[in-house]
Each structure stands twice: as C-alpha cells, then as structure tokens.
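We count ligands from 1, going down the list as the structure has it; atoms in each ligand are counted the same way. Computed from a prediction, not measured in an experiment: that's the story for all the values here.
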Amino acid sequence: MLRKPRRDDLLELEVEQLDERGHGVGVAQLASGDYRVQVRHALPGERVQVRVLRRRKQRIEALELETLRASPARVAARCAHFGPCGGCSLQDLAYTAQLAEKRRQVESALRAVGCAVEVEALIACDEPWRYRNKMDFTFGSRRWVQRDEPAGVAQGFALGLHPREQFRKVLDIEGCAIQFERGDRLVRDARRLALERGLTPWDLVRHEGLLRHLVLRESRASGELLVQLTTSSEAPELVRPYVDALLVMHPEISTLVQAINSRGATIASGERELVLHGTGLIRERLAGLWFEISASSFFQTNTAQAEKLVATTLAEAACGAGDRVLDLYCGAGSLSLPLARQAGHVHGVELVEAAVRDARRNAQANGIANVSFSAGDVLEWMRGGEAASANVIVVDPPRAGLHPKVVELLSASRARRIVYVSCNVNAASRDLALLASAGWTALRARPVDMFPHTPHVECVLTLERRA
Ligand SMILES: C[S@@+](CC[C@H](N)C(=O)[O-])C[C@H]1O[C@@H](n2cnc3c(N)ncnc32)[C@H](O)[C@@H]1O
C-alpha cells in the first residue's frame, strides 16, 4: 500500500505489547511508512487482522476482525460482563502474563524519561478475584443496551459501571468478579428497589434526576459494610423509605451515609453528608493496626495487597528512631501510622478533612503519639517551609501525580530519601525526570499488583540525592 492507510482499510500485524489502557499495540510496516496500531482486546504475541477506524499521523486505531494466531496466554474471561464493561479489561490474559506485561510497562515508562533503574518483579496478588473492598456504581438514565436484547426494551434506568469509553452510558451490573462477594446482591437489590419506587436516575447531560452513585465498602477484618448513596438533593421523603427498604433486605449493612452532590461533576463524594444508619465509619485492620475509615476517606481498595504495599514502603523508607518523616497525601494514615512505629516522628498532610479526622482518631486509638497531621493542600503546606526538617519523605499522590511546584519544593528539600508510591507510573516517571534534573536518583522500582485484571499498576520508587 503506497498511500497512507485510511478508514476501513484492512491490515495484518503482530501485537507486541499492551498500552497503559490495556489495548494491544503493534507496528504495521507499510510502503508509506511504519504505523503504531492500537487494537482493543488484542493481546501481546497475537497476529491479527484489523480494520482501520481512524489514523492520526503515524498512529492508527483499529478494530480487530480476526485473530489469525492467538496468544498462548489467552484464557476465558470469568465475568459475564467482560467485553462491554469498562472495568477489568485484562481478564482474558493469564494472570502471570498480566504481571509480566505490567512490569514491562513500568520499565518502559521509566526508560522513556531516561531512568535506568532496575524494575523488580511485580509483587503478585495471592487471590486475584474478589479482591476489591470498595466499588463505586453509577446510576444513569441512559442504559447500555446489549445486542441480544429485544427491540423497545426499557433503557431509561441503570445501576452499574460505564461501558468502555462510553461515559454517558451505564451498563447494569448483576455481579462483578473483582468486588467483594456480598456486593453483588446489594447492587441488584438497590437497583430493583429504586425501580419499584420510581426513583429517577441522574441524567449526565440534562443534569437532572435524584440517584447518582452507590458506593459499597466492606472491611475484611471486621466484616462491617458501609453503603454510601449519592443523590443530587436531600429529598428525605424519597430517600428515607428507599434506604429503609434496603436496610430491611440487607441487615448486614453496618452504616449508610447519604452524600449530596448537586454539581455537574460525576463524583460520588458530596458537598454534604448525612449519616442515615450506624456510625458513618467502618473499621479495617492493616499492618497490625485498626483504622476507622469514613465514607469520604481514601483507603486502599485491595486490602490483602495493601499489606504488601505498606510493608514495601516501610522497607524502602528504612527509617529509625532518629528520623523525621513526612507523609504527603496521607489519607486516613495507613502509611503514617506504620511509619510512626519505626520513626522518631511522622507528619502527614492530606486535603480531605474527614480523612485527617480519621487519621488523628486512628493514631489515638492505636496508642501512637509520635505522629501529627495537617489538613490542606500539599503545595500550600509545603510553601509554608515546614517540610525542611524532614529527612525521609513519602509521597502517595492521586493518579495525576505531583504538581510541578511540589516537585520543585521536594527537589530542594534536605531529605536523604524520597519514597514515591505511585498508582500511575507515567505521571511518576514525569515527576522522576524533574527530580533527576535536580540531583535525585532512583535506586529501586518495586511494583505491586493492587489491581489484577485491569491495566493499572502501583509502584514504590525510592530516590536518594546523588552524592
Ligand atoms: C492515593 S491516595 C493515598 C492515601 C494514603 N497514602 C493511603 O495509602 O491510604 C491519595 C490521597 O491524596 C489526597 N489528596 C489529593 N489531592 C491532594 C492535595 N492537593 N493535597 C493533599 N492531599 C491530596 C487524597 O484525598 C487521597 O487521600
């Protein structure tokens, strides 16, 4: 083919790897040049025939038409929603192959910024199914209709997850192979009760409707169950009877919180929270400590792997009684408190005030006195200059990574070590490159598989100042 490929052209290629979204990627070598082709559902090692959907310069998005040679690592997906569901797209890749692929992703992200650090093998999840202790289901007024459903079927109400790259639609979820077992019946009953009562789901385009999110959280250690129902207004005359019916059907719910989010942003947290049942908290055990977690506090979603993540972070921080440690983006203290058992003092900084309240209460309840917390934005707090006395700094930012100004302030710190816990290795690599140009060097990269069957990977990166 001498001309550049166009929509609907057919190509054949070898899939070499997965990209950060879990799509297969290979190179089509054509007379008009080499093109990087991205194909959904295709796995590394497969030969596929594809149809071009769109091309931008040397990059092509394509639809797989036929697998000409399947990967030996291809396995049957376990979940009935696999395919349309945007949740865990790697279910059809054997777990050991997922681990190898994620390690390669960490290596390639670090290499792309010139970081030559050795990446250790992923710390695998012993039980890669039913591992999530938290699920955030969405109510929506545009249900994803499956191909085999009859014409004219009702589609104005759904409770589930967004289909892949279809953020306006919601796929009804009957059961989810990675969430905790009791969550399946809960999501089905919450949907049925809402439909029976004629409650309206949120419409993402028109910004109307009552029900927005259903967040389920289970504690492995205490068995407690927290349900958070996010609505667009308080509407007690509608919400109260609905919640009461759900509590009658599910007496195992320990606490139920209503979050009110009247804004456009599709997030489960609200401007206001009302505790409708129980204490508004659940208790979980991690690193030999008890944590009380409120609905709006972050807590690692894979409890078993969180143990390994905490242990890895502690080993990398390698602090002792003489160290002053800073734990930036500390949530409810799940790294700060274990660190405080080794260090002289730990100070945690966190934006969400409820999480800081949880962290302080958790410190007290566990008898840990050498820890303090500040509520607020990390950048604002660092600008105050209080970071100067820390000799070990742990950062665990959200997916976007660090603000460039935070990296600047970290670069200038006198700490001997930075431990960067990242859930987005591309963002972390970008930050690492900036730290490297300010004299920091990466010693180790230790990835932990917190999210089996999804393309996401967590990584603990250790940096020290070059001598
Ligand atoms: C990945 S979580 C880590 C939490 C904690 N280290 C843990 O393991 O449980 C990131 C945390 O950063 C907090 N956060 C997000 N943006 C922030 C900011 N600008 N300043 C302070 N904290 C922030 C979030 O609320 C969340 O608790």
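- If you look at Ala332 next to ligand 1, there are no close heavy atoms at all, none under 4.0 Å.
- The single protein non-hydrogen atom nearest to atom 20 (N) of ligand 1 is Val378 N, 3.0 Å, given as residue, atom name and distance.
- Scanning all protein heavy atoms for the shortest distance to atom 9 (O) of ligand 1 gives Ser334 OG, 2.7 Å.
- In Ser297, neither the side chain nor the backbone holds a heavy atom less than 4.0 Å from any atom of ligand 1.
- For ligand 1, the atoms sitting less than 4.0 Å from at least one non-hydrogen atom of Gln300 are 8 (O), numbered in the order shown with element in parentheses.
- Shown in contact with Pro397 at under 4.0 Å from a heavy atom are these atoms of ligand 1, numbered in order with element: 1 (C).
- When only non-hydrogen protein atoms are considered, atom 24 (C) of ligand 1 lies nearest to Glu350 OE2, 3.5 Å.
- Remark: Glu252 CD is packed, more than 12 non-hydrogen atoms of other residues, nucleotides or ligands lying under 6.0 Å away.
- Taking atom 18 (C) of ligand 1 as the reference point, the nearest protein heavy-atom neighbour is Asp377 OD1, 3.6 Å.
- Backbone and side-chain nitrogen or oxygen atoms of Leu351 are examined, and one is located within less than 3.5 angstrom of a nitrogen or oxygen of ligand 1.
- Closest protein heavy atom to atom 15 (C) of ligand 1: Pro398 CG, 3.4 Å.
- Between His81 and Trp144, a ring centre-to-centre spacing not shorter than 6.0 Å is recorded.
- Heavy-atom separations between Cys330 and ligand 1 include at least one value shorter than 4.0 Å.
- The aromatic rings of Phe299 and Phe291 sit tilted, their planes meeting at an angle between 30° and 60°.
- The 12-atom threshold is exceeded at CD of Glu16, counting heavy atoms of other residues, nucleotides or ligands nearer than 6.0 Å.
- A donor-acceptor pair is defined here as one N or O able to donate and one able to accept, closer than 3.5 Å; such a pair exists between the side chain of Ser232 and the backbone of Gly209.
- For the pair Glu380 and Arg383, the salt-bridge criterion is met [side-chain N within less than 4.0 Å of a carboxylate O].
- Under the 4.0 angstrom criterion for non-hydrogen atoms, Ala355 is not in contact with ligand 1.
- Close contacts between ligand 1 and Val352 involve ligand atoms 25 (O) [criterion: under 4.0 Å to a heavy atom].
- For ligand 1 and Gly331, the ligand atoms under 4.0 Å from any heavy atom of the residue are 4 (C), 5 (C), 27 (O).
- When every heavy atom of Glu458 is checked against every heavy atom of Cys423, the shortest pair comes out as OE1-CB, 3.3 Å.
- Checked for salt-bridge contact, Glu165 and Arg40 meet the test: a charged N lies under 4.0 Å from a carboxylate O.
- Nearest protein neighbour of atom 3 (C) of ligand 1, counting heavy atoms only, is Asp396 OD2, 3.2 Å.
- With ring centers used as reference points, His213 lies 6.0 Å or more from Trp202.
- Across every non-hydrogen atom of Ala235 and Leu210, the tightest pair is CB-CD1, 3.8 Å.
- In terms of protein heavy atoms, atom 14 (N) of ligand 1 is closest to Tyr329 CD2, 3.8 Å.
- Under the 4.0 angstrom criterion for non-hydrogen atoms, Gly376 is in contact with ligand 1.
- A side-chain hydrogen bond (donor to acceptor under 3.5 Å, both in side chains) with Thr462 is found for one member of Glu316, Arg446, Arg444 and no other, namely Glu316.
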